[in-house]
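As structure tokens, the structure follows; a few thoughts come after it.
A quick note: this is a predicted structure, and the numbers were derived from the prediction, not measured. Each chain gets a letter, A, B and so on, in the order the sequences are listed, and its residues count up from 1.
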Protein chains: 2
Amino acid sequence: MKTLTPEQKRFLLSTIRDVPDFPKPGIIFKDITTLLNNAEAFTLLMDHLEARYKEYDLDFIAGIESRGFIFGAALASRLGIGFVPVRKKGKLPYTTVSEKYSLEYGFDEIEIHIDAFRGSGKRVLLIDDLIATGGTAEAAAKLIKKVNEELVEACFIINLKFLEGEKRLSPHTKIYSVLEIA
Amino acid sequence: MKTLTPEQKRFLLSTIRDVPDFPKPGIIFKDITTLLNNAEAFTLLMDHLEARYKEYDLDFIAGIESRGFIFGAALASRLGIGFVPVRKKGKLPYTTVSEKYSLEYGFDEIEIHIDAFRGSGKRVLLIDDLIATGGTAEAAAKLIKKVNEELVEACFIINLKFLEGEKRLSPHTKIYSVLEIA
């Protein structure tokens with residue numbers, strides 16, 4: 001189904017576990033492992049993503065380490081296309097392009113292989129489990145454009161709307177979120 | 001296809017890139033990103049895994065962080081079953097069970113959620129991209145048995161036979177490797 005009903009969205013949201021004070025006090029962590037180990041929920045979600053993106057004529061799915069690997073690889077395999085990992089600095093073995101992004105305190109850095117898309121101008125979808133402030137996603141979008149020029153869309157399973165990550169990411173790409181938390 | 005021909009195995013092996021001196025001098029790293037971004041190779045591999053495991057009547061695929069997430073989630077989604085991540089210490093938000101294992105110098109530790117399989121005695125397949133000395137896989141096998149008792153098989157895309165990881169893992173589970181490097 002290309003569009004999920006409100007009832008289907010409520011079901012998916014009900015399978016996501018809130019874990020208070022993780023990774024630090026005051027944060028309520030959205031635990032998607034309880035969606036992943038629910039075969040009905042995981043299948044509904046992936047059926048939806050497959051139905052939506054099979055009409056996009058994509059060449060690659062790029063997933064952000066490490067929960068983006070889960071949804072990205074599952075979707076790429078269903079669509080019969082290639083998967084590209086965007087990783088934390090130092091994890092990819094071949095020549096990389098990297099991008100720093102700001103955290104609450106300090107910086108972090110992610111990388112992509114310079115030949116990740118076997119050429120340039122390919123139709124790429126970026127995917128991650130969640131968009132919060134959008135820093136990691138913005139860095140990943142910049143990386144994909146550096147090595148490939150084109151980025152068709154960025155897809156998130158959960159959008160924490162109150163953190164306004166879309167503002168940061170929307171100058172770089174179109175955005176689709178399956179579930180939104182106000 | 002439940003069994004790959006020698007020609008299909010040679011093709012898959014040809015898509016894996018050798019990167020010398022990564023992560024440190026003297027090591028030749030098996031880079032599977034060049035298999036993943038080759039749609040023909042990734043599809044052939046996943047078609048094979050799906051054909052093999054659809055007859056196993058599995059309940060869950062457990063994947064080891066983070067390259068095991070890629071193959072594990074893709075396979076779980078194709079089989080319509082749940083996916084369970086086995087992660088580095090400190091990454092899983094809920095109550096975990098953990099297992100230490102030895103490295104060349106020192107120790108590392110991996111974890112699984114205590115309720116990862118929504119009960120016990122489920123039919124679980126463990127998957128990772130590569131088995132070398134088998135330390136991580138052995139720890140993951142022990143964790144699955146701690147929280148679930150049963151482990152049907154452990155599956156690896158690449159087995160570095162000369163490191164004899166099977167010796168360490170075989171007391172805990174059956175083992176299947178798609179590609180072997182002598």
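- With hydrophobic clusters built from ILVMFWY side chains whose heavy atoms lie under 4.5 angstrom apart, A/Tyr56 does not share a cluster with A/Phe156.
- Put simply, of B/Leu75, B/Asp47, B/Leu92, B/Ile61, the one with the most heavy-atom pairs under 4.5 Å next to chain A is B/Leu92.
- Note that CZ of A/Arg67 and CZ of B/Arg87 are 5.5 Å apart. Values are rounded to the nearest 0.5 Å.
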Determine, step by step, whether B/Asn38 and A/Arg118 satisfy the side chain to side chain contact (heavy atoms under 4.5 Å, CB included) criterion, reporting the C-alpha distance in whole Å, the side-chain angles of both residues, the deciding distance to 0.1 Å, and the verdict. CA-CA 9 Å; B/Asn38 183 320; A/Arg118 305 162 64 97; 3.7 Å; yes
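- Top candidate by heavy-atom pairs under 4.5 Å with chain B, chosen from A/Gly90, A/Ala39, A/Pro23, is A/Ala39.
- When heavy atoms are compared at a cutoff of 4.5 Å, B/Phe83 approaches chain A by way of both its backbone and its side chain.
- When the side chains of ILVMFWY residues are joined at heavy-atom separations under 4.5 Å, either directly or via intervening members, B/Val19 and B/Leu13 end up in two distinct hydrophobic clusters.
- Note on B/Ile64: it does not cluster hydrophobically with B/Ile81, by side-chain heavy-atom contacts below 4.5 Å among ILVMFWY residues.
- In the displayed structure, A/Lys54 atom NZ is contacted under 6.0 Å by at most 12 heavy atoms of other residues, nucleotides or ligands.
- Under the 4.5 Å side-chain heavy-atom criterion for Ile, Leu, Val, Met, Phe, Trp and Tyr, A/Met1 and A/Phe42 are members of the same hydrophobic cluster.
- If you measure heavy-atom distances from A/Asp115 to chain B, the contacts under 4.5 Å come from both the backbone and the side chain.
- Grouping the Ile, Leu, Val, Met, Phe, Trp and Tyr side chains by contacts below 4.5 angstrom, directly or via other members, places A/Ile110 with A/Val124.
- Crowding of A/Lys100 atom NZ: a count of heavy atoms from other residues, nucleotides or ligands under 6.0 Å not exceeding 12.
- The residue among A/Gly82, A/Ala116, A/Pro93 with the most heavy atom pairs within less than 4.5 Å of chain B is A/Pro93.
- Looking at every heavy atom in both residues, B/Phe60 comes nearest to A/Asn37 through CE2-O, 3.3 Å.
- At a 4.5 Å heavy-atom cutoff, the contact between B/Ser77 and chain A is made by backbone and side-chain atoms alike.
- Among B/Phe29, B/Phe71, B/Phe69, B/Phe117, the residue making the largest number of heavy-atom pairs under 4.5 Å with chain A is B/Phe69.
- Residues B/Tyr94 and A/Asp31 share a closest heavy-atom pair of CB-OD2, 4.2 Å.
- Highest contact tally toward chain A, considering only B/Met46, B/Arg78, B/Glu40, is held by B/Arg78 [criterion: heavy-atom pairs under 4.5 Å].
- Applying the 6.0 Å contact sphere to CD1 of B/Ile28 captures no more than 12 heavy atoms from other residues, nucleotides or ligands.
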